[in-house]
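In what follows, chains are A, B, ... by sequence order, proteins preceding strands, each numbered from 1. Keep in mind that this is a model prediction, so the values were computed, not measured.
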Amino acid sequence: DIQMTQSPSSLSAYVGDRVTITCRASQGISNYLAWFQQKPGKAPKPLIYAASSLQSGVPSKFSGSGSGTDFTLTISSLQPEDFATYYCQQYNSYPLTFGPGTKVDIK
Amino acid sequence: EVQLVESGGGLVQPGGSLRLSCAASGFTFSRYSMDWVRQTPGKGLEWVSYITSDSSTISYADSVKGRFTVSRDNARNSLYLQLSSLRAEDTAVYYCARRAYGSGTYYNFHDYWGQGTLVTVSS
């Protein structure tokens with residue numbers, strides 16, 4: 001199975017900050033990587049697919065990059081509604097696997 | 001508007017069974033492959049099962065293989081997950097998720113998720 005890791009596991013930031021989250025795959029997955037946002041008690045919300053493509057309706061303050069084993073999610077200017085947990089997921093091979101999440105909270 | 005609504009969760013004893021449903025609306029259900037994904041506080045998000053639009057291809061995580069069965073009824077716009085021989089470690093919120101339209105690895109990502117249904121396995 002492909003193992004996904006994320007760093008940091010949590011971070012505190014101010015409104016308006018630029019935030020970057022890193023995701024690493026245990027083996028190469030090309031660009032078959034997705035990012036999700038999850039708020040407490042809610043389902044994961046898809047943000048990005050193919051490492052850098054925004055899902056429909058997702059604001060452009062979210063961006064993704066990377067290929068192979070190393071990926072990043074960047075939020076350009078953090079807003080109150082962005083405080084949540086973010087997960088990466090690889091869909092290069094079965095079983096589909098998820099990172100452990102990065103919790104972003106208010107500083 | 002695309003909607004996925006799970007139901008059927010609840011409290012069940014170890015060794016018991018449960019059938020989860022996912023009612024789809026707002027899109028042509030018969031054209032899309034679907035997944036079940038579960039989430040626990042301890043293990044995080046875990047992919048459970050996959051079924052193609054025509055049910056021709058089905059796959060399972062090793063942790064549920066032989067115990068869970070995925071199926072769908074395209075006439076009823078519904079996806080199902082039959083859970084059997086349940087264990088405490090199957091306790092989780094179960095989500096159904098829609099795959100992007102298309103075939104091949106590029107389309108293996110999810111574009112919509114349901115709100116989830118909680119399964120608790122306990123005596």
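A cation-pi arrangement is present between Arg72(B) and Phe29(B) under the rule of less than 6.0 angstrom and at most 45 degrees off the ring axis.
Most heavy-atom pairs under 4.5 Å with chain A: of the set Val48(B), Val37(B), Asp35(B), Leu45(B), this distinction falls to Leu45(B). With chain A as the partner, the residue from Tyr106(B), Tyr112(B), Tyr60(B) showing the most heavy-atom pairs under 4.5 Å is Tyr106(B). With respect to chain B, the highest number of heavy-atom pairs below 4.5 Å among Phe36(A), Tyr87(A), Phe98(A) belongs to Phe98(A). Note on Pro44(A), Ser30(A), Gly101(A), Ser56(A): by heavy-atom pairs under 4.5 Å with chain B, the leading option is Pro44(A).
Proximity to chain A (any heavy atom under 4.5 Å) is shown, for Phe109(B), by both the backbone and the side chain. Only the side chain of Ser59(B) comes within contact range of chain A, with heavy atoms under 4.5 Å apart. No part of Pro100(A) comes within reach of chain B, as not one of its non-hydrogen atoms sits under 4.5 angstrom from that chain. Contacts between Gln38(A) and chain B at a heavy-atom distance below 4.5 Å involve the side chain alone, from C-beta outward.
Counting only N and O atoms by type, the side chains of Gln13(B) and Ser123(B) include no donor and acceptor under 3.5 Å apart.
The aromatic rings of Phe27(B) and Tyr32(B) lie perpendicular to each other, with more than 60° between the two planes, well past the 30° mark. The aromatic rings of Tyr91(A) and Tyr32(A) are tilted relative to each other, their planes meeting at an angle between 30° and 60°.
Side chain of Ser17(B) to backbone of Ser84(B): no donor-acceptor contact under 3.5 angstrom is found. Without hydrogens or angle criteria, Tyr50(B) side chain to Pro95(A) main chain gives no donor-acceptor distance under 3.5 Å.
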